[in-house]
Number of protein chains: 2
Amino acid sequence: MSEPKPPKSSQRRPLADNPAVHDQVYEAIRQALITGRIAPGVGVSLRSLAAELGVSPMPVRDAVRRLVAERALAINPANKRLSVPSLTAARLEQLSQARLWIEPELAARAAPRADAALIKLLQSIDEEVDAALTLGDVDRYMTANHRFHFAIYEQAEADVLLSMAGGLWLQIGPFMRVVFGRVGADGLVADRHAEALEALKAGDAEGARRAIAADLSEGMDKMRAAVEAGG
Amino acid sequence: MSEPKPPKSSQRRPLADNPAVHDQVYEAIRQALITGRIAPGVGVSLRSLAAELGVSPMPVRDAVRRLVAERALAINPANKRLSVPSLTAARLEQLSQARLWIEPELAARAAPRADAALIKLLQSIDEEVDAALTLGDVDRYMTANHRFHFAIYEQAEADVLLSMAGGLWLQIGPFMRVVFGRVGADGLVADRHAEALEALKAGDAEGARRAIAADLSEGMDKMRAAVEAGG
DNA sequence: AGTCTTGCATTGTGATCGCAATTGCAGGCC
DNA sequence: GGCCTGCAATTGCGATCACAATGCAAGACT
């Protein structure tokens with residue numbers, strides 16, 4: 001009845017140190033989405049993703065489910081294969097409108113809480129943004145720009161709104177990549193980060209709101225033009 | 001070669017017909033959250049939930065992960081036990097503000113698309129709302145109220161915004177239950193459903209926006225009062 | 001030669017098992 | 001009697017297996 005049952009070679013890493021595997025997978029895919037490294041429409045499979053990342057399909061399933069819940073990935077109900085949602089004008093319009101409400105609001109809430117440490121951090125991130133921009137390094141620009149915005153938003157201490165904003169960036173990432181593909185990096189040099197910094201330094205909530213709104217608005221306009229041009 | 005098909009005791013339902021088990025579990029928990037049947041703060045375990053629903057822990061894990069991604073459930077990082085997020089004033093304030101932007105917007109978008117079938121459906125749902133209200137049936141009221149709002153929102157054909165609104169209701173459900181616990185069902189009789197119906201019938205986008213905004217605003221005020229009273 | 005069918009590989013889903021870690025509860029010590 | 005300690009039970013995570021269903025490609029038939 002009881003069999004010796006060879007203990008298997010199931011190699012397991014010590015769970016003691018924090019980051020769970022499915023969280024690492026989540027972060028990996030998340031970063032890929034934010035920087036737009038994953039092309040929309042291509043259907044990948046769970047097992048192939050797992051093999052690519054060197055883990056078992058299980059944590060990938062968990063991570064993918066999170067991303068699907070955040071609408072950063074989509075599942076074809078027929079195939080059940082997963083892909084990045086396609087870039088439609090309707091989607092972009094909704095994402096634009098949502099971002100244009102949430103993110104300026106977060107900036108406004110952050111302004112009164114902005115301290116010297118935040119300003120310093122933002123300045124260094126903005127330098128990174130500019131450096132990536134002059135180098136034409138798309139991934140670096142995307143990552144740095146994301147960090148700039150969310151360094152501000154995190155200061156707002158509004159976790160519900162913050163997570164909504166995070167979900168929106170996950171969905172907008174693929175669109176941003178199209179912009180680079182079409183207009184090139186030069187088309188993006190004009191951001192409103194300096195204005196935002198000034199407003200935050202002065203604790204000017206409405207100024208921060210306007211600066212971020214303008215920054216987003218211009219970026220979304222470019223995306224819209226790129227999407228319309230690309231059909 | 002006859003196949004009696006006794007291959008295993010693992011009873012598996014034919015996957016052909018659609019609803020996957022983890023989706024059913026998701027819907028079950030979702031409904032429980034929307035109607036506020038799950039009290040905040042209590043920590044349940046995956047296995048206990050699975051046993052309660054009569055399924056294996058696996059689909060429960062999937063469903064819970066979705067709900068955690070939508071911030072409808074929270075995981076205590078120490079215990080790793082999951083619970084409904086506690087009702088803080090800060091959370092309610094953020095949820096209120098987000099709802100007050102998204103849901104009136106969806107109503108405004110739905111107005112030009114409202115046809116006779118929708119009006120008829122809404123009228124019947126609103127009767128259900130009133131019936132539940134006079135009976136004091138909390139679950140029925142919550143469910144019907146939810147259906148009334150989302151029957152409108154779905155007409156907007158804005159899936160991104162719609163899913164955001166859905167996520168917000170999931171988070172607000174527990175708060176709504178507090179209102180009933182404190183002020184009783186009588187405190188909620190005054191909704192703006194009639195006004196919304198009139199505006200939709202006339203295709204009046206701004207009227208629908210105002211009606212839904214007023215409806216939400218009054219409800220959220222009651223919740224705020226209840227939460228502040230309840231500490 | 002073109003179209004349909006058949007067969008195999010691959011996929012997502014769910015169940016079960018194993019492991020590390022935490023929790024709960026005794027029982028013992030001061 | 002109260003506090004601490006040690007052991008058993010429980011929990012989440014990940015791996016592996018099983019199975020139904022789909023995708024794809026080669027073969028068969030007209």
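Labels below follow one simple rule: chain letters A, B, ... track the order of the sequence lines, proteins then strands, and each chain is numbered from 1. Nothing here was measured: the structure is a model prediction, and the numbers come from that model.
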| task | First locate atom CZ of B:R177, then atom CG of B:L33, and finally report the distance between them rounded to the nearest 0.5 Å. | result |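 Between atom CZ of B:R177 and atom CG of B:L33 there are 11.5 Å.
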| message | Once rounded to the nearest 0.5 Å, what's the spacing between atom CD of B:Q97 and atom CE of B:M220? | response |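 Answer for the CD-CE pair, B:Q97 versus B:M220, is 10.0 Å.
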| field | Interatomic distance, A:I75 CD1 vs C:dT11 P [rounded to whole Å] | value |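 In whole Å, C:dT11 P and A:I75 CD1 are 15 Å from each other.
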| query | In terms of side-chain heavy atoms of B:H22, which of D:dG14, C:dT13, C:dT16 is nearest? | reply |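 When the side chain of B:H22 is considered, C:dT13 is the closest of D:dG14, C:dT13, C:dT16.
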| said: Which is more 5' along DNA chain D, the nucleotide nearest B:L82 or the one nearest A:G54? Just name the residue. | reply: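 Closest to the 5' end, via its nearest nucleotide, is B:L82.
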| query | Could you give the angle between the helix axes at the two ends of the helix from C:dA1-D:dT30 to C:dC30-D:dG1, with five pairs per end, rounded to 10 degrees? | reply |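 End axes: 0° apart.
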| message | Between A:E128 and A:R140, does any side-chain N to carboxylate O distance fall below 4.0 Å? | response |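 Salt bridge flag = yes for A:R140 with A:E128.
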| query | Between B:E70 and B:R66, is the closest basic N to carboxylate O distance under 4.0 Å? | reply |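 Salt bridge between B:R66 and B:E70, a charged N being under 4.0 Å from a carboxylate O: no.
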| field | Polar side chain donor-acceptor pair, B:R37 to B:T35, under 3.5 angstrom | value |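 Note: B:R37 and B:T35 side chains meet the donor-acceptor criterion.
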| query | What is the ring orientation for A:F150 with A:Y153, classed by angle as parallel under 30°, tilted 30 to 60°, or perpendicular over 60°? | reply |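 It falls in the perpendicular class, over 60°.
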| Of the residues in residues 57-74 of chain A, which ones touch DNA chain C at a heavy-atom distance under 4.0 Å? |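 Heavy-atom cutoff 4.0 Å gives A:M58, A:R61, A:R65.
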| request: Examine distances only and state if a side-chain atom of B:Q94 and a backbone atom of A:L161 form a donor-acceptor pair shorter than 3.5 Å. | output: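 Confirmed, B:Q94 side chain pairs with A:L161 backbone.
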| request: Indicate yes or no for a side-chain donor-acceptor contact from B:R65 to the backbone of A:A63 under 3.5 Å, with no hydrogens or angles considered. | output: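 Between the backbone of A:A63 and the side chain of B:R65 there is no qualifying donor-acceptor contact (under 3.5 Å).
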I'd like a list of close polar pairs between nucleotides 7-11 of chain D and the protein, N/O only, cut-off under 3.5 Å.
{"residue": "D:dT11", "atom": "OP1", "partner": "B:S45", "partner atom": "OG", "Å": "3.1"}

| Lys/Arg cation over aromatic B:W169: B:R99, 6.0 Å, 45° cone |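 Relative to the ring axis of B:W169, which defines the angle, B:R99 lies inside both limits.
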| task | From the options B:I172, B:V178, B:L95, select the one residue that forms a side-chain contact (heavy atoms from CB on, under 4.5 Å) with B:M223. | result |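 The option that passes is B:I172.
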